[in-house]
Amino acid sequence: METTIQERPVSAQATAANADPAKYVPQDFEASWTQKWEQDELYKTSPADERPKAYILDFFPYPSGDGLSVGHCRNYVPTDVLSRYYRMKGYNVLHPMGWDAFGLPAENAAIKMKTNPARLIAQYSANYKRQFRLIGISFDWSREINSSTPEYYRWTQWIFLQLYHAWYDPRLNAARPISELENELGVSGAGNIPNPHAEVTAEQWNSFGKKERSEFLSNFRLAYRKASFVNWDPVDKTVLANEEVVDGRGWRSGALVEKKLLPQWFFRITEYSERLINDLDTIDWPDHIKLMQRNWIGKSVGAQVDFVTDAGPLRIFTTRPDTLWGATFMVLAPEHPFVEKLVTPQHKARVNQYVKESKAKTEVERAEEGKEKTGVFTGSYAVNPVNDERIPIWVADYVMLTYGTGAIMAVHAHDQREFEFARKFKLPIRVVIQPQGETLDADTMERAFPHDGVMVNSGPFDGTGADVAVAQVTQWLEGKGIGAKRINYKFRDWGISRQRYWGTPIPIVHTADGEAPVSPESLPVELPDVNSYEPTATGESPLATIPEFVNVTLPDGTPGRRETDTMGTFACSSWYYMRFADPQNQARAFDPKEVNYWLPVDTYVGGAEHAVMHLLYARFWTKVLYDLGIISFVEPFQRLRNQGMILSPQLKDGKYEKMSKSKGNVITPDEMVEQFGADALRAYEMFISDFTMATPWQTDGLAGTFRWLTRVWNLLLGAEPNPDLPAATDEQIKSLRRSLHQTLKKVEDDVNDFAFNTVISSLMSLTNVLIRAQDTATYPTAVWDNALNTLLLMLAPIAPFMAEEIWSRWGKAYSVHQQKWPAYDAAAAKEEAFTLVIQVNGKVRGKLELPVGVSEDEAKEKAFAEPGVKKWMEGKTIERVTYVPGRLMNVVVK
RNA sequence: GCCGGGAUGGCGAAAUUGGCAGACGCCCAGGACUUAGAAUCCUGUGCCCGUCAAGGGCGUGCGGGUUCAAAUCCCGCUUCCGGCACCA
C-alpha cells in the first residue's frame with residue numbers, strides 16, 4: 001500500500017518574517033520567562049515558617065544519556081501543576097530535584113567511553129535540567145543535590161553508622177543503641193532477649209576479647225557483615241539484592257545470576273517486617289503497591305515443631321499444624337546441616353551426588369525443573385512427636401534452606417507439591433482433613449486437598465473443625481513442649497554490598513581486633529580519584545587494588561584495611577527526600593527543625609517499578625531514624641501515586657510498544673516544544689488520559705491542546721466587545737458565573753484527586769462557553785473581566801508561560817505566579833434548574849427542564865403530559881414510578 | 001499456578017461510584033473565508049433500519065444473574081498488562 005506523507009497541519013513555529021504580536025507563538029516568549037523567573041528566584045522555597053507546607057516530590061531520577069522523553073514528563077508535569085496550585089493557595093511549597101548519581105549504568109558507560117562517571121553524570125544531569133527548564137517545571141534549583149558528591153554521601157555514610165551502632169530490641173519493638181546491648185550482655189547475657197540472633201551468657205561475654213565481641217555484635221547490628229550466598233551478576237561483576245534479581249537474571253544486565261559465597265554487608269530490614277506491614281494502613285498509597293509490599297514481606301503464621309532424629313531435634317515450620325498427624329515423611333533442603341549427620345553409609349553416595357547437583361543449579365534451573373519433583377532418601381528416620389510414628393527423611397531441592405527452618409514435614413494428602421512427590425516415589429498418603437460433603441480416599445485421590453475441613457485420623461483432635469484447628473493444635477503443642485507458634489516472613493535482609501567503584505564507600509575499617517567504624521567527624525570516606533576502576537572478576541571491589549585507599553592507620557595507631565565494598569544506590573535514595581529539607585547543611589545530615597517541618601512528603605510520584613525496592617527501603621530507614629530519635633515521623637511518603645506509561649504511537653502486532661532508544665521510537669519534549677510550545681505539551685501530558693493509565697502518544701492530540709490554547713489566547717487578548725450585540729440578560733450573566741464557579745470547583749477537586757485529564761477538559765468546556773458568550777451578548781465589564789481573570793489564574797499552573805505573557809500584556813503587576821488562587825463561590829455555582837430524564841420501562845422517552853426543588857407531584861404531572869412519554873403510556877396501567885429528585889423518573893407500565 | 005489491574009465509537013478517553021453511555025479532544029466529511037492552499041470559523045459524526053425526515057431498534061470484551069434501572073453489583077469465561085512463583 002502506498003503511504004502519503006501527511007502534512008503537519010498545525011504548527012506555531014516562529015519565523016521572524018511573519019512575526020505578528022497578536023498571534024499565539026509560544027516560542028517567542030517561553031525562554032525569556034524561564035530566565036526571568038530564575039533571576040527573580042520566583043520558585044525559591046523558604047525555610048520552615050508559619051504557613052502550612054506542601055512537599056511535592058518526584059522519584060529521584062537516575063540521569064541517563066538519553067535525556068527525558070515525553071513519557072518521563074508524564075509525572076513531572078502533574079507534580080509541577082500541583083506545586084504551582086499549592087503556591088497560589090498560600091502554602092509554603094517544597095518542590096525540589098536532584099540526581100541519583102551513583103550506580104552501574106553511569107559507571108559502565110564511563111568505562112566504555114573511557115571517561116569518568118562523575119563527568120558523565122554532570123553532563124547528563126545538565127541535559128535533564130535544561131529539559132526541565134524547557135517545559136517550565138518550577139523546581140527550586142538552589143536545593144539541587146547529587147548523591148555522588150562527598151557533601152551528600154558523607155551523610156549516607158553517617159546514616160550507615162547510625163544503623164551500625166544500633167540493634168533491634170524485640171521487647172520495645174524499636175531500634176536502640178548497640179552500647180545498651182553491650183551493657184546488658186555484660187550483666188545478664190542474651191538470656192532476657194526473646195529469640196536472640198545468638199546466645200551468650202554474661203560470663204562468656206565478659207570473657208570475650210575485642211574481636212570476639214565485634215563478631216558477636218554483628219548478629220545484632222542493623223548494619224552487619226556476614227558471609228553468605230549472594231546473587232552474583234557475572235556481567236556487572238557485582239552482587240545484587242534479591243529485589244534486583246528478576247526471573248533469575250540481573251535487572252540491569254540481564255545476565256543469569258550465579259550463587260557465590262562472599263562476606264557481604266546487610267541491613268537488618270527483616271526486624272521491621274511487622275511494622276512495615278502494619279504502617280501501610282496509615283498511608284495513602286495505591287492498593288496494589290501496598291499489596292505488593294505485603295506479598296514481598298510474605299508473612300505467614302504457623303507453628304514450629306521439633307521431630308526427634310538421631311542428629312537431635314529437627315525443627316520444621318508449618319502453616320498447617322492441624323495436619324501433623326498426616327505427616328508420612330520429612331524433607332530437608334539439600335543445604336540443610338542435618339543432611340550430613342543423618343545420611344546413612346549406604347545412601348551416602350547418592351545423597352552427596354544429589355546435594356552437589358542441587359548446589360550447582362541456579363535458581364532459574366531449579367524453578368524450571370520444578371514441575372518434576374526430585375529427591376533422595378537419607379536412610380534415616382524421624383519420630384513424629386504427636387503420634388510417635390517413625391517416618392523416613394528425604395532430601396529434595398523443592399525445599400529451600402532460606403525459608404522457615406529449611407526442613408518440612410510432608411503431608412501428601414493436603415499439599416500439592418508433596419502429593420506429587422509422594423506419588424512419584426510411591427510414598428504413603430494419609431488423609432487427615434475431610435472436606436464437608438465428600439470423602440477423600442488416599443488411594444484414589446488425584447490431587448491434594450489443601451483446603452479446610454474436619455480433622456480425622458488425628459488422635460485427640462478427631463472431629464475438630466477448620467475454624468479452630470490450627471489455634472487449638474498450636475496451643476496443645478506448646479503445652480506439651482514439642483512446638484510453638486511461629487511467624488515466618490518470606491523476605492530477607494537487604495544486601496547492600498557492591499563490588500564496584502562508583503558508589504558510597506562503606507565507612508568501616510577492618511583491624512586485627514575486628515571492625516572499627518570510622519568516626520563521624522572523619523567522614524566522608526572519600527572515593528579516590530583514579531583513572532582505572534574496572535570491576536574484577538574475583539568478587540573483590542576495584543577499590544581493593546588501590547593501596548592508598550585500603551591501608552589506613554587509625555588515630556590510636558592501629559593499622560587497618562578499609563572496607564572496599566561500596567553501597568548499592570538504594571542507600572542513597574533511602575534518605576534523599578530528607579536532605580531536600582536542608583540540602584546545604586555542612587554540619588549535619590539535616591536540621592531536625594527543617595526535616596520535621598517538611599516531612600513526610602505530602603505527594604510522591606513515580607513509576608510502579610520501585611514498589612518493593614526503593615519504597616520499602618526508604619520506609620525502613622525512616623523507621624530506624626525515628627527509633628533513634630533523629631526524626632519525628634515514621635512514614636516518609638504520605639501520599640503516593642504512580643503514573644501510567646506513555647507508549648509509542650505506532651501499533652506493532654496490534655499493540656502499542658514501550659518507547660525505547662533501541663526501537664527508535666522515542667519522542668522527546670524538545671521536538672514537541674519546538675513545534676507546539678511547552679504549555680501545549682504540558683496540557684497534553686495532563687489531558688492524554690487518566691494519570692495512572694498506560695496510553696499511546698498521539699501528536700495529533702497535542703495539536704488539539706495547542707489549538708485550545710490558541711483559542712484561549714485569542715479570547716483573553718481579543719478585541720473589545722462587539723457593540724452591535726445586545727446587552728447580556730440577568731439570566732445570561734448568572735449562567736456565565738455559574739459555569740465559571742462550577743469549573744473552579746471541578747478544577748480544584750480534580751487537581752487534588754490527580755484527575756488531571758478532566759481538569760483540562762473542564763477548562764476546555766469553560767473556554768467554549770466563554771467564546772460562545774462573547775459572540776452572543778455584551779457582558780458588563782466587571783463580570784466579563786472577572787471571568788477572563790479567573791480563567792487565566794486557573795490556567796497559570798498548567799500553562800505558566802502563556803499565563804505570564806498574557807498577564808504582562810494585560811499590564812498587571814508581575815508575576816501571575818504570585819497571585820492568589822481565585823475564591824470559589826458556592827452560591828454562584830448553584831444550579832437553578834435541572835433536566836429530568838423520563839423513562840418508560842427503563843427507556844428514555846422524554847426530557848424536561850424543571851426548577852431545582854420541584855415537588856414530586858408536579859414533576860409527575862408534567863412528565864406524564866410530555867407527548868413522547870404519553871405515547872408510551874397510553875392504554876397501559878402504571879405499576880410503579882421511581883423518582884430520583886434532580887435526575888430521573890422511571891415509569892413502569894403494563 | 002497464585003495475587004492484582006484493565007477491556008467503553010475509526011482513535012485517546014469521560015461517566016458525580018447503581019440513574020440520559022460516549023463529556024472533552026483527535027481523525028474524518030460537508031460548508032464559510034481565500035485567486036488557491038495553510039490557518040481559522042461553522043455544521044455533522046456510536047452502529048443498524050428508515051429518503052439526508054419523523055421515528056424506531058441495538059450498543060460499554062463474552063455468557064448468565066440481581067434491580068424499576070447495570071459500563072458500574074454478583075456468578076462463570078475470554079483476553080491483555082503487571083507482580084509473585086516450589087514460601088511448607
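Being a predicted model, the structure only gives us computed values, none of them experimental.
- What separates CG of A:Asp750 from P of B:A14 is a distance of 11 Å, to the nearest Å.
- Rounded to whole Å, atom P of B:A69 lies 12 Å from atom CD of A:Glu879.
- Put simply, A:Arg845 has no side-chain N or O that comes within less than 4.0 Å of OP1 or OP2 on B:G55.
- Using a 4.0 Å heavy-atom distance criterion, A:Lys746 is classed as making no nucleic acid contact.
- Across all strands shown, A:Gly704 has heavy atoms under 4.0 Å from sugar-phosphate atoms exclusively, and none from any base.
- The aromatic rings of A:Phe449 and A:His414 sit perpendicular to each other, their planes meeting at more than 60°, with 30° as the lower class boundary.
- The residue A:Thr692 sits apart from the nucleic acid: no heavy atom pair falls under 4.0 Å.
- In this model, the phosphate group of B:U40 is not approached by any side-chain N or O of A:Thr710 to a distance below 4.0 Å at OP1 or OP2.
- For the OP1/OP2 pair of B:G59 and a distance below 4.0 Å, the side-chain nitrogens and oxygens of A:Lys843 include no atom meeting the criterion.
- Within the nucleic acid shown, A:Trp697 has no heavy atom closer than 4.0 Å to any nucleic acid atom.
- Nearest nucleotide to the side chain of A:Gln839, out of B:G19, B:G12, B:G25: B:G19.
- The separation between A:Phe691 atom CZ and B:A14 atom P is 13 Å, rounded to whole Å.
- Distance CZ (A:Phe756) to P (B:A14): 14 Å, rounded to an integer number of Å.
- For the pair A:Asn768 and B:A23, the criterion of a side-chain N or O lying under 4.0 Å from OP1 or OP2 is not met.
- The ring pair (Phe, Tyr, Trp, His ring centres under 6.0 Å) check on A:Phe425 picks up A:Trp394, A:Phe421, with sequence neighbours excluded.
- Annotation: side-chain hydrogen bond (donor to acceptor under 3.5 Å, both in side chains) contacts of A:Ser69 (sequence neighbours excluded): A:His72.
- Proximity of A:Ser761 to the phosphate of B:A13: no side-chain N or O atom is located under 4.0 Å from OP1 or OP2.
- Within the shown strands, B:C3 is the pairing partner of B:G82 under the Watson-Crick or G-U definition, both distances less than 3.5 Å.
- Distance CD (A:Gln774) to P (B:C42): 12 Å, rounded to an integer number of Å.
- Partner of A:Val712 under the side chain to side chain contact (heavy atoms under 4.5 Å, CB included) criterion, out of A:Leu717, A:Leu770, A:Leu795, A:Asp679: A:Leu795 alone.
- Within the nucleic acid shown, A:Asn757 comes within 4.0 Å of sugar-phosphate atoms alone, with no base atom in reach, counting heavy atoms only.
- Rounding to whole angstrom units, CZ of residue A:Phe329 and P of B:A88 are separated by 17 Å.
- A:Ala694 comes within 4.0 angstrom of the backbone, heavy atoms only, and of no base.
- Listed by residue number, the members of residues 887-894 of chain A with any heavy atom below 4.0 angstrom from RNA chain B are A:Arg887, A:Leu888, A:Asn890, A:Val892.
- A close approach under 4.0 Å does occur between a side-chain nitrogen or oxygen of A:Trp872 and OP1 or OP2 of B:G56.
- In this structure, the CD atom of A:Gln293 is 12 Å from the P atom of B:C84, given to the nearest Å.
- Here A:Arg74 pairs with nothing under the salt bridge (charged side-chain N to carboxylate O under 4.0 Å, His left out) rule; sequence neighbours left out.
- Between A:Arg707 and B:C26, a side-chain N or O to OP1/OP2 separation shorter than 4.0 Å is present.
- Among residues two or more places apart in sequence or in another chain, the salt bridge (charged side-chain N to carboxylate O under 4.0 Å, His left out) test is passed with A:Arg320 by A:Asp322.
- With a 3.5 Å ceiling on both atom-pair distances, the Watson-Crick or G-U wobble partner of B:A32 is B:U40.
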Scan nucleotides 3-9 of chain B against the protein and return all N/O pairs shorter than 3.5 Å with their distances rounded to 0.1 Å.
none

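- Contacts of A:Phe754 classified as ring pair (Phe, Tyr, Trp, His ring centres under 6.0 Å), with partners at least two apart in sequence or in another chain: A:Phe691, A:Phe756.
- A:Tyr684 is linked by a ring pair (Phe, Tyr, Trp, His ring centres under 6.0 Å) to A:Trp697, counting only residues two or more places apart in sequence or in another chain.
- Listed by chain and residue number, nothing satisfies the side-chain hydrogen bond (donor to acceptor under 3.5 Å, both in side chains) test with A:Asp287 (two or more places apart in sequence, or in another chain).
- Contacts of A:Lys871 with the nucleic acid, taken as non-hydrogen atoms under 4.0 Å apart, involve only primed sugar atoms and P, OP1 or OP2.
- Among the atoms of the strands shown, only primed sugar atoms or phosphate atoms (P, OP1, OP2) are found under 4.0 Å from some heavy atom of A:Thr319.
- The side-chain hydrogen bond (donor to acceptor under 3.5 Å, both in side chains) search around A:Thr882 returns none, not counting sequence neighbours.
- For the pair A:Pro321 and A:Val470, the minimum side-chain heavy-atom distance is below 4.5 Å.
- Of the candidates B:G12, B:A15, B:C86, the closest approach to any side-chain atom of A:Thr695 belongs to B:G12.
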Could you give the side-chain donor-acceptor pairs of residues 885-894 of chain A under 3.5 Å, partners two or more places apart or in another chain?
residue	atom	partner	partner atom	Å
A:Asn890	OD1	A:Gly842	N	3.1

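- Within the nucleic acid shown, A:Trp296 comes within 4.0 Å of sugar-phosphate atoms alone, with no base atom in reach, counting heavy atoms only.
- Taking the six-membered ring where tryptophan is involved, the planes of A:Phe317 and A:Tyr403 are perpendicular, since the angle between them exceeds 60° and thus also 30°.
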Between protein and nucleic acid, restricted to nucleotides 80-82 of chain B and to nitrogen or oxygen atoms under 3.5 Å apart, what atom pairs and distances do you find?
residue	atom	partner	partner atom	Å
B:C81	OP1	A:Lys655	NZ	3.0

